[in-house]
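Step one of this worksheet: look at the structure below.
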Amino acid sequence: MTGLTQAMARVVAQRRLDDFPPETVDKAKKVIVDTFAVILAGADSEVEEPLMRYLGMSPAAGDAPILGTDRRATAEMAALVNGTFGHALDFDDVLSMMPAHPSAIIVAALLADLPDHPLTGREFVEAYVIGIEVGARIAQGITVGHYGRGYHGTGTLATFSGVAAMAKARRLDEDQTRMALGIAASMASGLRRNFGTMTKPLHTGLAARNALQAVRLALCGFTAAPDILEAKAGFYAAYGVEASDPEVAVAALDGPGILVDPGIALKKFACCYASHRGMDGVLTLREKHGFTADDVVKLECRMPPGGMLVLTYPEPVTGLEGKFSLQYSLAAGVLDGRYTIGTFTDEAVRRPEIRELLKKIHAYEDESCRDDDPLFDTRSSGGRGFVDVEVFLRNGKRDAIRIYKAPGHPSRELTWADIQAKFDDCAVHARIAPGIARQAFDALRALEKAGSVADIVGLLHH
């Protein structure tokens with residue numbers, strides 16, 4: 001059987017956009033547009049100030065734009081900053097089978113390379129699709145046990161998504177791609193302990209930069225192990241678990257493509273995906289009954305086993321911690337009746353009303369929420385089993401709702417209208433004029449017809 005590294009390199013060298021089902025283009029564009037949006041919003045997040053100071057410490061000039069700003073940088077620095085912006089709000093896509101957020105890595109790496117290697121819109125979409133396919137299949141073979149060991153798949157597994165996309169855009173041959181994958185494997189890093197800090201989104205920026213560097217080094221003739229993924233002392237051996245199997249990843253390449261099956265989830269809320277089903281339940285119950293925070297005696301959220309694995313801040317004190325607090329997210333929904341980017345600021349988390357509401361929130365894992373899914377143990381925190389939300393009101397009423405899939409899940413796909421609203425909201429945070437934002441959105445929605453991606457990027461750089 002073909003080795004995993006060679007099989008992935010062959011996908012990059014040989015597959016074309018036309019080899020995937022027709023609906024792939026529209027699904028890819030939705031995620032790409034969403035990714036541009038969250039990069040813009042990240043330019044107005046907590047990471048912006050320290051990143052701009054860091055950028056100022058580098059004397060090297062460059063032509064690659066930093067979205068949502070008037071700054072330019074070297075390709076490596078632009079990939080780092082745009083990639084970090086893309087995950088700064090935890091508002092970017094979710095590929096549950098990794099589980100990780102690969103799209104900001106791919107987009108940031110491709111954007112950083114544009115001054116040296118211009119792309120048409122169709123070439124950009126094709127590179128994106130190939131990047132998603134390769135990273136996802138590598139993740140499928142290594143299993144979610146990789147995540148369970150403490151690795152953040154965005155910084156480890158999704159690095160390969162960035163490499164594959166870059167290699168496709170640069171038209172690397174099979175041998176060069178194997179070298180690029182080998183180089184990147186020694187760069188892959190990211191630990192879950194840094195969730196709730198600025199270093200979590202930095203994993204995305206580092207992965208984008210590493211992908212760019214790995215491909216450029218391979219183009220320059222740099223060498224690496226040609227069997228890095230499957231070899232003894234290779235990536236699977238070092239980063240995997242007993243169930244990891246390279247042959248599973250190779251066999252999965254016969255499918256219709258990740259964007260079609262199982263698909264990628266887009267976030268409706270700017271926080272950890274594991275909280276989204278509970279948040280959706282709170283909003284649904286609040287709309288149904290019209291209750292306020294004062295009306296609530298108790299609110300329970302029952303999660304499946306493992307569903308709270310990364311929700312480690314029951315009483316957060318910062319906006320970043322709030323993104324990984326199920327209790328806070330539920331309380332904010334009760335209090336505000338909606339979620340915005342502003343929900344996850346330091347000021348919002350520290351509201352006295354929230355402190356009082358947290359006393360009424362009871363969130364816990366419950367074996368009964370496991371469901372009878374035979375693949376339960378292979379699914380990520382935000383996709384396994386179901387979530388029950390139950391509210392107890394002062395008037396004696398109580399009501400409960402069960403949620404299997406979060407809004408934005410492929411089975412509850414966001415519409416183009418939803419994505420446009422999200423894009424507009426994110427563009428406001430980057431101080432992009434509404435007319436310009438609409439022009440950029442329309443161009444990205446028709447991306448496969450664009451003659452130059454750089455022209456669209458120019459609209460979002462001021």
Side-chain angles (χ1 to χ4, degrees), residues 12 17 28-29 31-40 42-43 51 55 58 60-86 92 102-132 159 161-172 176 180 204-220 423 427 430 432 436-437 439-462:
V12 172
L17 189 56
K29 286 192 300 179
V31 190
I32 291 169
V33 175
D34 183 86
T35 305
F36 269 84
V38 296
I39 292 174
L40 290 175
L51 279 177
L55 182 61
S58 173
D63 298 324
I66 308 297
L67 294 192
T69 77
D70 61 356
R71 307 289 292 275
R72 292 183 182 272
T74 63
E76 288 82 358
M77 187 66 81
L80 174 71
V81 175
N82 282 327
T84 305
F85 280 175
D92 47 331
S103 296
I105 294 169
I106 296 173
V107 170
L110 292 175
L111 292 183
D113 201 40
L114 284 179
D116 293 327
H117 189 72
L119 294 173
T120 66
R122 184 174 178 83
E123 290 169 339
F124 194 99
V125 173
E126 182 178 70
Y128 173 80
V129 170
I130 294 298
I132 288 294
T159 295
S161 291
V163 170
M166 281 284 304
K168 187 64 180 179
R170 282 283 191 163
R171 303 301 175 192
L172 268 61
Q176 289 174 312
T204 306
L206 292 172
R209 185 198 65 186
N210 292 343
L212 179 83
Q213 289 179 327
V215 169
R216 289 185 167 193
L217 284 166
L219 278 168
C220 293
F423 190 93
I432 304 293
I436 299 297
Q439 185 180 349
F441 174 85
D442 291 342
L444 287 167
R445 183 170 180 178
L447 183 59
E448 79 278 19
K449 300 175 184 177
S452 169
V453 177
D455 289 345
I456 302 173
V457 173
L459 296 171
L460 303 173
H461 178 253
H462 56 79

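Just so you know, these numbers come straight off a predicted model, no measurement behind them.
For the 3.5 Å distance criterion, the side chains of Y128 and S103 qualify, holding a donor opposite an acceptor.
The two residues A75 and A112 make their nearest non-hydrogen contact at O-CB, 3.2 Å. Closest approach of A79 to A108, counting heavy atoms only: O-CB, 3.8 Å. A pairwise comparison of heavy atoms in V163 and V215 identifies O-CG2, 3.6 Å as the closest pair. Heavy-atom minimum distance, A64 versus T74: CB-O, 4.1 Å. Nearest heavy atoms, A78 versus I66: CA-CD1, 3.6 Å. The two residues F423 and A440 come nearest to each other via the heavy atoms CZ-CB, 4.3 Å.
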Walk me through it: do F85 and V38 pass the test side-chain contact (heavy atoms from CB on, under 4.5 Å)?
CA-CA 7 Å; F85 280 175; V38 296; over 6 Å; no
Test log, rule side-chain contact (heavy atoms from CB on, under 4.5 Å), inputs M77 and R72
CA-CA 9 Å; M77 187 66 81; R72 292 183 182 272; over 6 Å; no
Checking T84 against T204 for the side-chain contact (heavy atoms from CB on, under 4.5 Å) test, could you report, in this order, the C-alpha distance in whole Å, the side-chain angles of both residues, the deciding distance, and whether it holds?
CA-CA 5 Å; T84 305; T204 306; 5.8 Å; no
Derivation and outcome, side-chain contact (heavy atoms from CB on, under 4.5 Å), residues L460 and L40:
CA-CA 8 Å; L460 303 173; L40 290 175; 3.9 Å; yes
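No more than 12 heavy atoms of other residues, nucleotides or ligands lie within 6.0 Å of CG in D63, so this atom counts as exposed by the packing criterion.
The closest side-chain heavy-atom distance from L17 to E448 is not below 4.5 Å. At least one side-chain heavy atom of L111 sits less than 4.5 Å from a side-chain heavy atom of F36. Between L447 and I32, some side-chain heavy-atom pair lies under the 4.5 Å cut-off. Under the 4.5 Å side-chain criterion, counting only non-hydrogen atoms from C-beta, R216 is in contact with R170. Within the 4.5 Å cutoff, side-chain heavy atoms of L206 are placed close to those of L80. The side-chain heavy atoms of P102 and I132, taken from C-beta on, include a pair separated by under 4.5 Å.
One finds no salt bridge joining E126 and K29 here, because no Lys/Arg side-chain nitrogen approaches an Asp/Glu carboxylate oxygen to under 4.0 Å.
One distance of note links CD1 of I106 with OG of S161; it measures 4.5 Å at 0.5 Å rounding. Between the OG atom of S452 and the CD atom of E123 there is a distance of 10.5 Å, given to the nearest 0.5 Å. From D92, atom CG reaches atom CD1 of I105 across 9.0 Å, with rounding to the nearest 0.5 Å.
Without hydrogens or angle criteria, N82 side chain to L67 main chain gives a donor-acceptor distance under 3.5 Å. A donor-acceptor pair is defined here as one N or O able to donate and one able to accept, closer than 3.5 Å; no such pair exists between the side chain of H462 and the backbone of I432. Using modelled atom types, no side-chain atom of R209 and backbone atom of E76 make a donor-acceptor pair closer than 3.5 Å. Judged by distance alone, with hydrogens and angles left aside, the side-chain atoms of S58 form no donor-acceptor pair with the main-chain N or O of L55 at under 3.5 Å. Between the side chain of H461 and the backbone N or O of G68, no donor-acceptor pair lies under 3.5 Å.
Under the rule for a side chain to side chain contact (heavy atoms under 4.5 Å, CB included), the partners of A443 that lie at least two apart in sequence or sit in another chain are I456.
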